[in-house]
Structures are given as C-alpha cells and as structure tokens.
Amino acid sequence: MENIYGCGISEYDAADGEGLTLCLGFFDCVHNGHKRVIDAAAELAAKTGTRLAAFTFRGDPHASLGKDRKEIYTFRERALRMSQLGIDRLLYARPSESFFGTGAKEFLDRLFGAHDIRAVAAGSDYTFGSAATGNAAFLTEYCGARGVKCAICDMLEDTPGKKIASRVIEKLVEQGDVEKINSYLPMPYLIEGEVVHGRGEGAKFGCPTANILLPDDKLPLGQGVYATRVTVDGNGFPSVTNVGEHPTFSDLSFTVESHLIGWSGDLYGKRIAVEFVSRLRDIRAFSSAAELKAQIDSDIDAVLGIRGIS
C-alpha cells in the first residue's frame, strides 16, 4: 500500500476488508460539484461507521480515450485535495482501452467484489461502463439490490440550467485566470511537483527560486507572474511564482518558478505544493538583472499586501 498525503492508495482489484463509503467519479479537478458528492458521502460514512473512500484514475484517461485533452490535476494533486476534503482511501484504475471496454455491471461487480462497500455517492450525471451505459439510475438499482445505501447528488450549477463543467475550468487554466478558477474550487488551484535544478540566475541577485516541471499530461497554466502560497514540509510560505518562459535570460523553457518569501535552505528534491491566489502581471523581458530584481521586489510587496496569504 502506498501513502500519498495521508491517503491510503490501493489497487483497483486489491481487497483490504475494511467497510467503505465510496464516492464515484473522475474528480479531475476536485471542483465544488465534486465536493458536494464528497460531502454527501461523508454523511453516509458517519452513519455507517465506514471509511470515506473515492474511486479515480491513475494516469491520463483522455489519452486512453483518444481525446486531445490534458489533465487539470495530476493523480497526486487530486489525491492531495481529496485527502484535505476528508477522503482517507483512494481506489484507482489505470485507464486503458480494455478498462473502458468493461461493461457497466461488470465494473460494479468487480468493484463491489473486491471491497466491502456499504454506501455509495455519485453525481446525477455520473456515467460508467463501456459506451457510458451505466448511469445514476443503473447505480441506484444495483445498490438497492445489494442493500447498499446510495446517494445521488444534483449537479451544482454555475448558472441556472448549466452545471459546473471541467471544460470551462480548462479554458480558465489556459488563460491563467486563477481568481475565476478558484471561484469553482473549494481550495485554490494547485500545482504540485518535485523541486529540480534550474538556471540559478535568481540566486545570483538575491531571489532564489524553487523550480518544478509540469508532467506532459498536465494542462499548463497560462503564462504569467502570480501571487502564490507554497507548502513545503507542511509549512506555508507566501510566494511570487513565474509560470512559463524567462525572456530576460533568453530562456524559452516552460517552468513553474517560485520565490518563497521568508524561506532559507535547500529545496532540491523536495515535493512542494504551489497554490495560486491571484495573477500579478504578464511575463516580460527586462533590460538587466537589476531591473528584474526591482520588479520582483515590487511583486513581493504586492503579495505581502494580500490579506490572508501570509
């Protein structure tokens, strides 16, 4: 068993014998609609005295389905956010052509056969099984036949008649509109990763940065400079984060570079979580490192002026 941010991660077909209340869905960016399902499941878990669990994918399901889309959150990022919302067990499947060819009843038979599932929660738009033949009504009937409690949650609407959709959030991520993104999420938009060696230019003029690289299957946030909060070893630091290129140094590589205000020490090899609070400005080339340093100092002042970020 692997532990990620306090979540017990178990393989899709590995039984552990514990009673579970299970949230069903992809939970691709753990938005407010997903939180509604998790909250409903938490109530059932309290009533049944079971662990609160969720089912998701480990890997990029879009690629397996031949879709030209990338993930808003990686598996690790979803695991972190769901654990913070009370999920303490994740069941996952690795997306593949054969998995998506599984029939709706077979999927549930395998899931219920491998785990002691005593209650289930899902959204009213939840579909599963080959060609999405399983739906909320199918799930309700299946659970009823097994004596399993089942909560189906109404969709959370952005505007009347229009549900909160990951497609909308995807566009906002590409635009870098983190304030609007955060209005759809229970917690700020997140990028998590391992700190790697960068150019080292920032350290030369007193603004060292922690650099992380985005995995190929993660949807890139729009380029810009952001007010952020970076968590390392359980401690949070207000930060200035550059997402994208570094034209002052003629570096066109795409990285996520954060200057942690008040941090001193070596971050290489550590995993950090960068939470985005607001967009400060566009990226631009400066005539010198000194001019860039003056701008970063101004960015730091702007970050420290944001209520609640320290």
Side-chain angles (χ1 to χ4, degrees), residues 2-7 9 27-30 58 70-85 87 90 173 176 178-179 181-182 185-246 249 251 253-281 283 296 299-300 302-304 306 308-310:
E2 182 180 4
N3 290 304
I4 299 180
Y5 296 110
C7 292
I9 310 301
F27 304 103
D28 49 356
C29 58
V30 198
R58 185 165 193 164
K70 295 190 174 184
E71 294 184 282
I72 298 173
Y73 276 171
T74 66
F75 175 77
R76 290 187 65 99
E77 289 163 351
R78 279 180 278 129
L80 171 57
R81 281 302 187 233
M82 285 193 281
S83 72
Q84 291 168 332
L85 291 174
I87 300 291
L90 286 184
V173 170
V178 295
E179 292 94 336
I181 295 168
N182 289 345
L185 307 180
M187 289 171 282
Y189 171 77
L190 168 79
I191 296 178
E192 186 270 355
E194 181 179 334
V195 178
V196 299
H197 288 274
R199 301 177 318 280
E201 297 289 349
K204 295 176 183 177
F205 56 83
C207 290
T209 57
N211 307 289
I212 56 179
L213 302 176
L214 294 184
D216 291 339
D217 55 357
K218 182 175 171 67
L219 182 68
L221 180 66
Q223 295 197 56
V225 179
Y226 298 87
T228 57
R229 182 174 176 82
V230 174
T231 299
V232 54
D233 293 337
N235 298 307
F237 296 85
S239 313
V240 176
T241 298
N242 186 100
V243 176
E245 302 170 351
H246 317 87
F249 304 103
D251 179 0
S253 63
F254 190 104
T255 61
V256 178
E257 241 179 69
S258 299
H259 173 68
L260 282 63
I261 303 167
W263 167 270
S264 62
D266 184 0
L267 286 171
Y268 295 122
K270 290 182 178 292
R271 299 200 73 89
I272 63 174
V274 185
E275 293 183 323
F276 289 76
V277 177
S278 65
R279 184 183 177 93
L280 296 176
R281 59 179 174 86
I283 293 173
I296 294 175
D299 295 335
I300 290 171
V303 169
L304 294 177
I306 296 173
I309 200 169
S310 299

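Since we're looking at a predicted model, the values are computed, not measured.
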Nearest-0.5 Å distance that lies between atom CG in Asp28 and atom CD in Glu71
8.5 Å

Would Leu185 and Leu190 count as a side chain to side chain contact (heavy atoms under 4.5 Å, CB included) here? Give the steps.
CA-CA 10 Å; Leu185 307 180; Leu190 168 79; over 6 Å; no

Quick check: does any side chain N or O of His259 sit under 3.5 Å from a backbone N or O of Pro208, one acting as donor and the other as acceptor?
yes

Looking only at atom types and distance, does a side-chain atom of Asn182 sit under 3.5 Å from a main-chain N or O of Phe276, one as donor and one as acceptor?
yes

Which heavy-atom pair separates Arg81 from Glu275 by the least distance, and what is that distance?
NH2-OE2, 2.7 Å

Starting at OG1 of Thr209, measure out to CG of Asn211 and round the result to the nearest 0.5 Å.
4.0 Å

Looking at every heavy atom in both Lys70 and Asp216, which two are closest together, and how far apart are they?
NZ-O, 3.1 Å

Determine whether Trp263 and Val230 make a side-chain contact, defined as any pair of heavy atoms from C-beta on separated by less than 4.5 Å.
no

Please give me the minimum heavy-atom distance between Ser83 and Leu80, naming the atom from each residue.
OG-O, 2.7 Å

Nearest 0.5 Å please: distance from the CD1 atom of Ile212 over to the OG atom of Ser258.
6.5 Å

Using every non-hydrogen atom in the two residues, find where Pro238 and Leu304 come nearest and quote the distance to one decimal.
CG-CD2, 4.1 Å

Would you mind telling me which of Leu214, Ile272, Thr241, Thr228 makes a side chain to side chain contact (heavy atoms under 4.5 Å, CB included) with Ile191?
Leu214

For the CZ atom of Arg78 and the CZ atom of Phe27, what is their distance to the nearest 0.5 Å?
10.0 Å

Among all residues two or more places apart in sequence or in another chain, which pass the side chain to side chain contact (heavy atoms under 4.5 Å, CB included) test with Glu194?
Arg271

Main-chain N/O of Ala227 paired with Ser278 side-chain donor or acceptor, under 3.5 Å:
no

Could you pull out the closest heavy-atom pair between Gly222 and Val243, with the gap in Å?
O-CG1, 4.1 Å

Is there a donor-acceptor contact under 3.5 Å from the side chain of Glu77 to the main chain of Glu192?
yes

Residue pair Leu85 / Met187, side-chain heavy-atom distance below 4.5 Å
yes

Measure the spacing between CZ of Arg279 and CZ of Arg281 and express it to the nearest 0.5 Å.
10.0 Å

Side-chain touch Val195/Val232, heavy atoms, less than 4.5 angstrom:
no

Between His197 and Tyr268, what is the ring plane arrangement, given parallel below 30°, perpendicular above 60°, and tilted in between?
parallel

Looking only at non-hydrogen atoms, find the nearest pair between Glu245 and Gln223 and report the distance.
N-OE1, 2.8 Å

Holding to side chain to side chain contact (heavy atoms under 4.5 Å, CB included), I want the full list of residues that pass it with Asn242, two or more places apart in sequence or in another chain.
Val225, His246, Glu257, Ile283

Quick check: do Leu280 and Val303 have side-chain heavy atoms less than 4.5 Å from each other?
yes

Within-4.5 Å side-chain heavy-atom neighbours: Leu221 and Tyr226
yes

